[in-house]
Each structure stands twice: as C-alpha cells, then as structure tokens.
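The structure appears right after this line, and notes come after that.
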Amino acid sequence: MAVIHHTTLKPTKLEVLTDWLPGQPWFRGEHRPPQLTKAGGFRLDDPQGEVGIECLVVTDRSGAVPRSYFVPLTYRGAPLDGAEQALVGTTRHGVLGKRWIYDGAHDPVFAAELLALFQGRAVPQSQNDSGTRDDSVTRHVEDAAAFGSSRVVAVVTVAHDARGTGLALATTTAPDAEQASGAVVVAKASPVPASGGLGLRLARLLEPVAGAGVAAGDVAAGGPGLLGAVTGVWRSGDGAEHRGVFATLRPSGA
C-alpha cells in the first residue's frame with residue numbers, strides 16, 4: 001500500500017504540468033499558458049512499492065471554455081531507462097527527495113496496474129488518504145474472459161492523437177508473470193505478440209457522459225471489440241460533479 005506524504009513538492013505537480021501540457025497533441029489551449037486546477041483523480045498501488053502512480057484530472061481555465069484532462073503520472077526515485085521522451089519534469093519531494101515524473105502512458109508499471117484495475121485485481125485509491133479506496137472509480141466489463149488472466153509484458157507502442165492516447169500491450173497469460181519495478185518481467189512464458197495482445201485507450205480531453213450506472217458500451221463512444229471501460233468523476237469550478245470515461249480496453253488492433 002502506498003503511503004501518501006503530506007509534504008512539499010518544489011515545483012508542484014501543477015507547475016510542472018503547466019510547462020508540459022502545451023506540447024501535447026491532445027491539449028486544446030488557446031496559445032496562452034494553461035491555468036490549471038486539480039479537479040479529481042485517483043491513485044493505483046505499485047505492488048513493488050517503488051513507483052508512485054497517480055491518475056490526475058486537471059482543468060485548464062485559461063480559455064473561454066474550461067477544459068478537463070486526464071493525466072496519469074508516475075513518480076520515480078531514478079530515471080526510467082529509455083523513457084526520456086515521456087519525462088514530464090522533476091521535482092523535489094519533502095520526504096523522498098528528487099522525483100522523476102513521467103507520462104504514465106509510457107511507464108510499464110502504470111500499464112500493468114491499469115490492466116489490473118480492469119481485471120478487478122487492483123483497487124483505485126484516494127489521492128489524499130493512505131489506504132482509502134476511491135469508490136467513485138468504476139470499471140465496466142463487457143468480456144472478462146477475454147483478458148482476465150492476461151499480464152503485461154511490455155508497452156509496445158504509444159500513439160497520441162487529438163483526443164487521447166493509445167497503448168499497444170504485449171501480454172502473457174502465464175500464471176506466474178511478475179511485475180518488477182521499472183519493467184515487467186515474465187517467468188516461464190513467451191509474450192504474446194502485439195497483434196494478439198491488448199490495446200488500452202486513455203481519454204485525455206474529458207467529456208461528461210449521462211448517468212453514473214451506464215454500461216461500458218454506452219460510455220466508450222462505440223467501436224468494435226470493446227472489452228471494458230473505466231469511468232471516474234471530477235468537479236467543475238462551480239462544484240458540479242461530472243462522470244466520464246478515463247480509459248477503455250480492446251484487443252490490440254481493434
């Protein structure tokens with residue numbers, strides 16, 4: 001279980017994201033620096049206890065219309081090999097010291113735990129309180145048998161577009177697959193090729209959907225082969241609560 005330290009970050013997460021967000025293809029800023037506020041999100045636990053995982057929702061109020069974004073981040077005590085392009089920034093934590101902040105889409109530990117969330121093996125945690133489940137995060141599963149025993153071997157490709165990010169995952173169904181800090185290690189099994197793996201889709205520019213008890217097929221904007229969706233909530237500036245799709249899961253290539 002991750003321990004949340006109520007301490008300082010210099011620079012803060014929002015300050016780091018203010019510099020990073022305008023360079024992302026899914027950011028809809030209006031040629032001015034973002035004005036970010038925290039609007040929601042949740043955490044996931046790294047079973048190895050080495051990597052912090054936060055699925056952050058931020059709202060940019062710099063334009064005429066506020067826009068909310070889903071930004072999964074990972075926090076590491078050392079650089080992630082081969083992920084220079086995914087570095088969001090660095091910060092100094094009041095307890096843990098220097099931390100490297102990465103776009104979670106490129107971090108295999110985040111991918112493994114997001115898949116575990118779809119499978120019900122991982123529990124969404126509060127952003128603010130250690131050991132507290134966040135019941136506002138809901139998984140909607142269409143076909144659990146198609147992916148329930150899969151484990152992530154590697155993030156094969158990451159592709160960004162104007163609305164979100166797609167991850168192609170190499171997976172295995174080995175019962176003794178293990179996740180290691182900084183990588184995913186598989187024992188006694190060969191990974192399934194990417195064409196036979198799984199595809200995660202991260203919604204970046206968030207849109208509210210009607211109702212909180214909708215099925216995955218209703219919230220995932222259509223498309224073939226839907227296996228599941230994760231939805232969550234965020235709050236607008238006037239305090240109104242919105243629910244939308246954070247991530248969807250399909251067979252790779254669907």
* To do: List the steps and the verdict of side-chain hydrogen bond (donor to acceptor under 3.5 Å, both in side chains) for S68 and T59.
  => CA-CA 4 Å; S68 296; T59 296; 2.7 Å; yes

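- Its side chain within the 4.5 Å cluster rule, L205 clusters with L14, V16, L17, W20, L21, W26, F27, L36, L56, V58, Y69, V71, L73, Y75, V88, I101 among the Ile, Leu, Val, Met, Phe, Trp and Tyr residues.
- For E15, there are no salt bridge (Lys or Arg N to Asp or Glu O under 4.0 Å) partners, not counting sequence neighbours.
- Applying the ring-ring contact (aromatic ring centres under 6.0 Å, His included) rule to F246 yields the partners F70; only residues at least two apart in sequence or on another chain are considered.
- The structure places CG of L226 at 5.0 Å from CZ of R250, a figure rounded to the nearest 0.5 Å.
- The closest side-chain heavy-atom distance from E207 to R67 is not below 4.5 Å.
- The backbone N or O of F42 sits nowhere less than 3.5 Å from a side-chain atom of Q125 that would complete a donor-acceptor pair.
- Under the 4.5 Å side-chain criterion, counting only non-hydrogen atoms from C-beta, T248 is not in contact with L200.
- Nearest heavy-atom pair across A111 and L169 is CB-CD2, 4.0 Å.
- A donor-acceptor pair shorter than 3.5 Å can be found between the side chains of R243 and T231.
- For R139, the salt bridge (Lys or Arg N to Asp or Glu O under 4.0 Å) test picks out no residue, with sequence neighbours left out.
- Applying the side-chain hydrogen bond (donor to acceptor under 3.5 Å, both in side chains) criterion to S62, with sequence neighbours excluded, gives D60.
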* Evaluate side-chain contact (heavy atoms from CB on, under 4.5 Å) for V230 paired with V137, printing each intermediate quantity in order. => CA-CA 7 Å; V230 169; V137 180; 3.8 Å; yes

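- In terms of heavy atoms, L117 sits closest to P124 at CD1-CD, 3.6 Å.
- At least one donor-acceptor pair under 3.5 Å links the side chain of Y102 to the backbone N or O of L80.
- Under a 3.5 Å cut-off, the side chain of Q119 and the backbone N or O of F147 do form a donor-acceptor pair.
- The side chain to side chain contact (heavy atoms under 4.5 Å, CB included) search around A64 returns none, not counting sequence neighbours.
- When atom types are taken as modelled, the side chain of T90 and the backbone of W100 share no donor-acceptor pair closer than 3.5 angstrom.
- For S136 against D134, the heavy-atom pair with the smallest separation is OG-OD1, 2.6 Å.
- The side chain to side chain contact (heavy atoms under 4.5 Å, CB included) check on D81 picks up nothing, with sequence neighbours excluded.
- Residues Q127 and K38 meet the side-chain proximity criterion, which asks for heavy atoms closer than 4.5 Å.
- Within the 4.5 Å cutoff, no side-chain heavy atoms of H106 are placed close to those of E84.
- Partners of R133 under the salt bridge (Lys or Arg N to Asp or Glu O under 4.0 Å) rule, at least two apart in sequence or in another chain, are D135.
- Across G197 and T171, no two heavy atoms sit closer than the pair CA-OG1, 3.7 Å.
- Taking the side-chain hydrogen bond (donor to acceptor under 3.5 Å, both in side chains) definition, one finds that T165 meets it with H160, R204, sequence neighbours left out.
- At least one side-chain heavy atom of P34 sits under 4.5 Å from a side-chain heavy atom of P22.
- Between F118 and V141 there is no side-chain heavy-atom pair separated by less than 4.5 Å.
- The side-chain hydrogen bond (donor to acceptor under 3.5 Å, both in side chains) test applied to S150 returns no partner, not counting sequence neighbours.
- Qualifying side-chain hydrogen bond (donor to acceptor under 3.5 Å, both in side chains) partners for R28, counting only residues two or more places apart in sequence or in other chains: none.
- Using a 4.5 Å heavy-atom threshold, the side chains of L227 and E142 count as separate.
- By the salt bridge (Lys or Arg N to Asp or Glu O under 4.0 Å) test, R235 is found to be paired with E241, residues two or more places apart in sequence or in another chain being considered.
- The residues D161 and R201 are annotated as salt-bridged, a charged nitrogen and a carboxylate oxygen being separated by less than 4.0 angstrom.
- Minimum interatomic distance between H242 and P208 (heavy atoms only, all atoms of both residues): ND1-CG, 3.8 Å.
- Proximity of a side-chain donor or acceptor of D45 to a complementary backbone N or O of P47 within less than 3.5 Å is not detected.
- Using a 4.5 Å heavy-atom threshold, the side chains of L198 and L249 count as touching.
- The hydrophobic cluster containing V233 does not contain V57, counting ILVMFWY residues as joined when their side-chain heavy atoms lie under 4.5 angstrom apart, directly or transitively.
- In terms of hydrophobic clustering, with Ile, Leu, Val, Met, Phe, Trp and Tyr side chains grouped at heavy-atom distances under 4.5 Å, V155 and L114 are assigned to a common cluster.
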* Intermediate values then yes/no, side-chain contact (heavy atoms from CB on, under 4.5 Å), R43 and I53 -> CA-CA 6 Å; R43 287 181 177 266; I53 306 170; over 6 Å; no

